[in-house]
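Structure first, commentary second.
Here is how names work: the chains are called A, B, and so on, in the same order as the sequence lines, proteins then strands, and each is numbered from 1.
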Number of protein chains: 4
Amino acid sequence: MAKIKNNSPVLFFYNNSKKWLAKISKNESFHTHIGILKHSDAIGKEYGSKLITNKDKYVYLLEPTMYDYVMRIQHGTQIVYPKDIGYIIARSGIGSGQKILEIGTGSGSLTSFVASVVKPRGHVYTFDVDEKFMKIAEKNIKKAGVSKYVTQHNLDLKTAKKMPLENMDVALIDLGDPWVVIPQVRQMLKGSGSIFAICPTMNQLEKLTMALVENEFTDIESTEHIIRNIEAREGKTRHSFQGIGHTTYLCFARKAFFGRETRKSTESAKTTKKTPSKTVKKPSAKTTKKTPSKTVKKPSAKTTKKSSKKSS
Amino acid sequence: MAKIKNNSPVLFFYNNSKKWLAKISKNESFHTHIGILKHSDAIGKEYGSKLITNKDKYVYLLEPTMYDYVMRIQHGTQIVYPKDIGYIIARSGIGSGQKILEIGTGSGSLTSFVASVVKPRGHVYTFDVDEKFMKIAEKNIKKAGVSKYVTQHNLDLKTAKKMPLENMDVALIDLGDPWVVIPQVRQMLKGSGSIFAICPTMNQLEKLTMALVENEFTDIESTEHIIRNIEAREGKTRHSFQGIGHTTYLCFARKAFFGRETRKSTESAKTTKKTPSKTVKKPSAKTTKKTPSKTVKKPSAKTTKKSSKKSS
Amino acid sequence: MAKIKNNSPVLFFYNNSKKWLAKISKNESFHTHIGILKHSDAIGKEYGSKLITNKDKYVYLLEPTMYDYVMRIQHGTQIVYPKDIGYIIARSGIGSGQKILEIGTGSGSLTSFVASVVKPRGHVYTFDVDEKFMKIAEKNIKKAGVSKYVTQHNLDLKTAKKMPLENMDVALIDLGDPWVVIPQVRQMLKGSGSIFAICPTMNQLEKLTMALVENEFTDIESTEHIIRNIEAREGKTRHSFQGIGHTTYLCFARKAFFGRETRKSTESAKTTKKTPSKTVKKPSAKTTKKTPSKTVKKPSAKTTKKSSKKSS
Amino acid sequence: MAKIKNNSPVLFFYNNSKKWLAKISKNESFHTHIGILKHSDAIGKEYGSKLITNKDKYVYLLEPTMYDYVMRIQHGTQIVYPKDIGYIIARSGIGSGQKILEIGTGSGSLTSFVASVVKPRGHVYTFDVDEKFMKIAEKNIKKAGVSKYVTQHNLDLKTAKKMPLENMDVALIDLGDPWVVIPQVRQMLKGSGSIFAICPTMNQLEKLTMALVENEFTDIESTEHIIRNIEAREGKTRHSFQGIGHTTYLCFARKAFFGRETRKSTESAKTTKKTPSKTVKKPSAKTTKKTPSKTVKKPSAKTTKKSSKKSS
């Protein structure tokens, strides 16, 4: 049974919209509309216990979960919401031990949650270019207790000459223009590795999808996730009158090799080299040149070359 | 770069509705409507590569993720869908290292996914009473490669005299009548630990919510999760004409102690000390009486007695 | 071209959340946060024109539609929202010329809208028992300009001895316990006439559905209607961050005669009388007695008798 | 009590997915998987009665509503679904007596429903250019019994020199490129009249919205409408496992005059009188030509000036 001590993290929970996240500090206290919450009163209690304020209201002393950290994060920038984080994890199969690339650290909400899943042997490598946000994220990641499993990089991958990582299991992108980094992300992903991009607008989904096709990704899927609260009460169960609005759409895909063919089961390896299958999309370099998609930034020539080299 | 070898797991991916999950076995082959998929042709390729069939169609050779295992599971019973698994993980903050209690193993889909998150130091303890389903689940868990992190129990917790576990971080319930095991689950959960129940009907949500209040849970939240596919295509982006139907509602809550109060900030520390914390886990009859929840129908005398008996 | 005159109705439209509905009265003016709106300034303008306030803001002078009346109604009670009104009309096929029964006038929002559709030869007969609400509704119906097509009755149909109407095309019910009036409604509906009930909770849907089955209704359908706003803007199109919450569920059905059989095509009329088809539910009176649904108020014996008489 | 006669329309209702709409013709019969439905057996019955087939199954003989006509329409082209028709009527306040312009008759589903609402004094003027579809629509409109209230025009409004109508209450557009006819629609609409466009893609919403702003429409609103079936059953109520997919988005707006200002309340009435309202309805052919806005963007100074010129 875990007792609350000085320095223990506690979520003072009044209700879902009134809650306070803090590290217990024996001389501190919060002044809230429901009265004073004295930290020292929490010390020695078991998580789940009540703490009564001087106004005779009470809160529960909950052990914060990663959900609580994400929802209470300092909003220097937008957070990724649990409903979306959940699907990202479930769809790309993020699990303990994986190496995750993240482009656009933002407030560190997704970073922290994912780190709590991949630890202790996995790691999150996260990139941003805004010093101010990076500091906010650093704080948030530290509060969430996962700093050890996160490395923050200040590097613009769009212009970087050499990719600093390789063989990543999953790449998460939270940029306004996610399509510009797809060639770079591709280089850092392992074969059949997953990509997930946070796309608040339909236009982003559209542009990104085109870039993903052009960069040889498969299993491309765009989704949106709606969570609806239900008020379950005896004889009066119904959905909540409060609606929950749009947060973001999500775009998923997996790295494939369009031009890297293994031959038909019935043919010899020799034949393979000679007869390019008509029904199969042509090796990448060519295709890329032929499809000058206007709205999608061109995958750098380099990337293309690299792919062709690999497949030769 | 990981190459596919004999015994490597591979998802032969044609499209999202045509895909085959297998362990490579060099003499095997699948006969499908798109032709023959010869396992030996996959050996030596990198994940993400193409494999061409004798009908000149092709699949991608993907490295299966936990999502693929869940979606391809042998449906001896219903699976829990990724959209719901994701929210369960995100809302209850399931992360690496946690101890998870699961009541109702079902097909093992939720079991497997959660195990892949809590491993290597965490563990899933899962209970069922149907031998047949337990065997199906065992197979599925093994296929997903997480047997080491899962213990399957054949025990009816509803009638069990002594609870076999304690201090669980999160409890997952997938039963037709989840409310009957709430007192037992409570005993096994740590203070402020989370509970999640799979409730396909509104009536289940309603009954369960009443049982949760009665058993001193807080932060009770019922939700439903809607995933909508979006077809993102140049100049023609819209939601999919194919709708995705209901799977289940979810009910979340956290274990609290309604009767265990720490005193008002203005009162002496002494009083606080008087409340012995050993009795903690017992939702004693007394407590129940003290919380005459107006909106909740009185728990029948029987149930209450049953609870007190068990805890005495 | 319609010019605004003294006494013309005008919607002063600033935006979707700031708008004022009024009848032009040449000496009047509104004081709003965007400045003074002087009625006399509107006189002589065409609908659609701008009116500038003394704060240099402007509103458009729109000709109010039934939507505007419904949305601006004096909320003495809840209104039925346009998204739900729309489906009620579309699903039950309400059109010009129909006779509509409404039980529970409420604020008169649904009453007014439906009257504007069925006029000039159709009519809405609406029942309520709350004098206060009836007066509010009367005002709202008058404002909406459809008083001529609405008759308000102060009568409790639950206890009424004789039904005041017959052969109604559609019945609309907005009561907390819609199931109690189903036998009465049935008497007033024409054969295969439609019923629609406003049911804010799932429990109401459930009880009502049972009552509908018991009272020989078919094509029973429960639905909910979600409207989502989309912010369509160049290059940044997405759903609105503002969610729209639950309003109500809707339950639809059509009056049938379970026991009134026309015989199999191949048999003679004689045989019909002799051999009651096993696969067909037994004539109503009996069935009703046999199915003492606990949660559903018993359809009065009278109703039952009447039905059987008709079928003999 | 209406009895079914020869030539009466009947919906033979087995369940929501098996139903047949026909005009009774005494010598006809349907051969269905539930047996033979002999028309003559229906004659003399009341609507709502049962008809038993030679396979001992039964259907109900329902009086078809406009919903039934819409859902059973001959799908030469896509129909507009009741959920969307309902909102179109509710949001634009379509009622008895109105004059409706429709561009893109399609299968005549929306046409027929709207005609059934605006009749007997209102009318629907519908335009199409595809002879084949026009004939299908003609049939469908006739079947629905509203031919008298509908005029079908074979005219391409995009290129028409003179608009054939004026002072329409509401305009409905169901074209792939609705933005191209906005100037024409504007000419035919009354001041503050409503427009509704069927837009299956987000890209259409985006382009149309820009065209609406440019053409001086206000109260612009894009929405989508989701209908979810609920299976209400004793103790097991839940949403349907069958999802309902995307049909279309809808775009609504009302005609305003951006440049036609009535003066600030504090200015003299004289100025106001100077604005002759005769020129009103003409955004003139010129405007149309000048607005070859592909991407629209500019509500621009020019447009504004032009409008003011016109009104001076």
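For A:T209, the part sitting under 4.5 Å from any heavy atom of chain B is the side chain, from C-beta outward, and nothing else. Neither the backbone nor the side chain of A:N203 comes within less than 4.5 Å of any heavy atom in chain B. Residue contact with chain B, scored on non-hydrogen atoms closer than 4.5 Å, involves the backbone of A:S92 exclusively. Of the atoms belonging to A:Y58, not a single heavy atom falls under 4.5 Å from chain B. Only the side chain of B:E221 comes within contact range of chain A, with at least one heavy atom under 4.5 Å from a heavy atom of that chain. Heavy-atom distances place no part of A:R238 under 4.5 Å from chain B, backbone and side chain included. With a threshold of 4.5 angstrom between heavy atoms, B:L250 does not approach chain A through any atom at all. Contacts between A:R91 and chain B at a heavy-atom distance below 4.5 Å involve backbone atoms as well as side-chain atoms.
Between B:Y60 and A:F258, some side-chain heavy-atom pair lies under the 4.5 Å cut-off. A 4.5 Å side-chain heavy-atom check between B:S96 and A:P120 finds at least one atom pair inside the cut-off. You'll find the side chain of A:R254 reaches within 4.5 Å of the side chain of B:L11, heavy atoms only. Here the side chains of B:E224 and A:I227 are not in contact, with every heavy-atom distance at 4.5 Å or above. With a 4.5 Å cut-off on side-chain heavy atoms, B:E234 and A:M210 count as touching. Proximity of B:F113 to A:I89: side-chain heavy atoms (C-beta onward) are separated by under 4.5 Å at one or more points.
No more than 12 heavy atoms of other residues, nucleotides or ligands shown are found within 6.0 angstrom of NZ on A:K57.
Heavy-atom pairs under 4.5 Å with chain A were tallied for B:K83, B:R228, B:R121; the largest tally goes to B:R228. Options B:K236, B:M202, B:K207 differ in how many heavy-atom pairs under 4.5 Å they form with chain A, and the most are formed by B:M202. Your options are B:G191, B:G93, B:A115, B:G235, and the one with the most heavy-atom pairs under 4.5 Å with chain A is B:G191. Of the residues considered (A:Y249, A:Y67, A:Y47), A:Y67 shows the highest number of contacts with chain B, using heavy-atom pairs under 4.5 Å. Of all the listed residues (B:M66, B:H239, B:E231), the one sharing the greatest number of non-hydrogen pairs under 4.5 Å with chain A is B:H239. Each of B:I226, B:T65, B:L205 has some count of heavy-atom pairs under 4.5 Å with chain A, and the biggest count is that of B:I226. Heavy-atom pairs under 4.5 Å with chain A peak, among B:D219, B:D84, B:D169, at B:D219. Taking chain B as the reference chain and counting heavy-atom pairs below 4.5 Å, the highest number among A:D68, A:I88, A:N15, A:I220 is found for A:D68. Your options are A:S116, A:S29, A:G95, and the one with the most heavy-atom pairs under 4.5 Å with chain B is A:S116. Ranked by heavy-atom pairs under 4.5 Å with chain B, the list A:S192, A:A256, A:G122, A:G35 is led by A:S192.
Of all the heavy atoms in A:F13 and B:T218, the pair that sits closest is CE2-OG1, 3.7 Å. Across B:P82 and A:A90, no two heavy atoms sit closer than the pair O-CB, 3.3 Å. Nearest approach of A:F257 to B:K50, heavy atoms of both residues: O-CG, 4.0 Å. B:I94 approaches A:V117 most closely through the heavy-atom pair O-CG2, 4.0 Å.
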I would like to know whether A:R233 and B:E206 meet side-chain contact (heavy atoms from CB on, under 4.5 Å); could you show each step before the answer? CA-CA 6 Å; A:R233 292 165 309 173; B:E206 196 171 308; 6.0 Å; no
Could you walk me through whether A:I230 and B:T223 pass the side-chain contact (heavy atoms from CB on, under 4.5 Å) test, one step at a time?
-> CA-CA 5 Å; A:I230 297 165; B:T223 53; over 6 Å; no
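Taking a cutoff of 4.0 Å between a charged side-chain nitrogen and a carboxylate oxygen, A:E63 and B:K190 qualify as a salt bridge.
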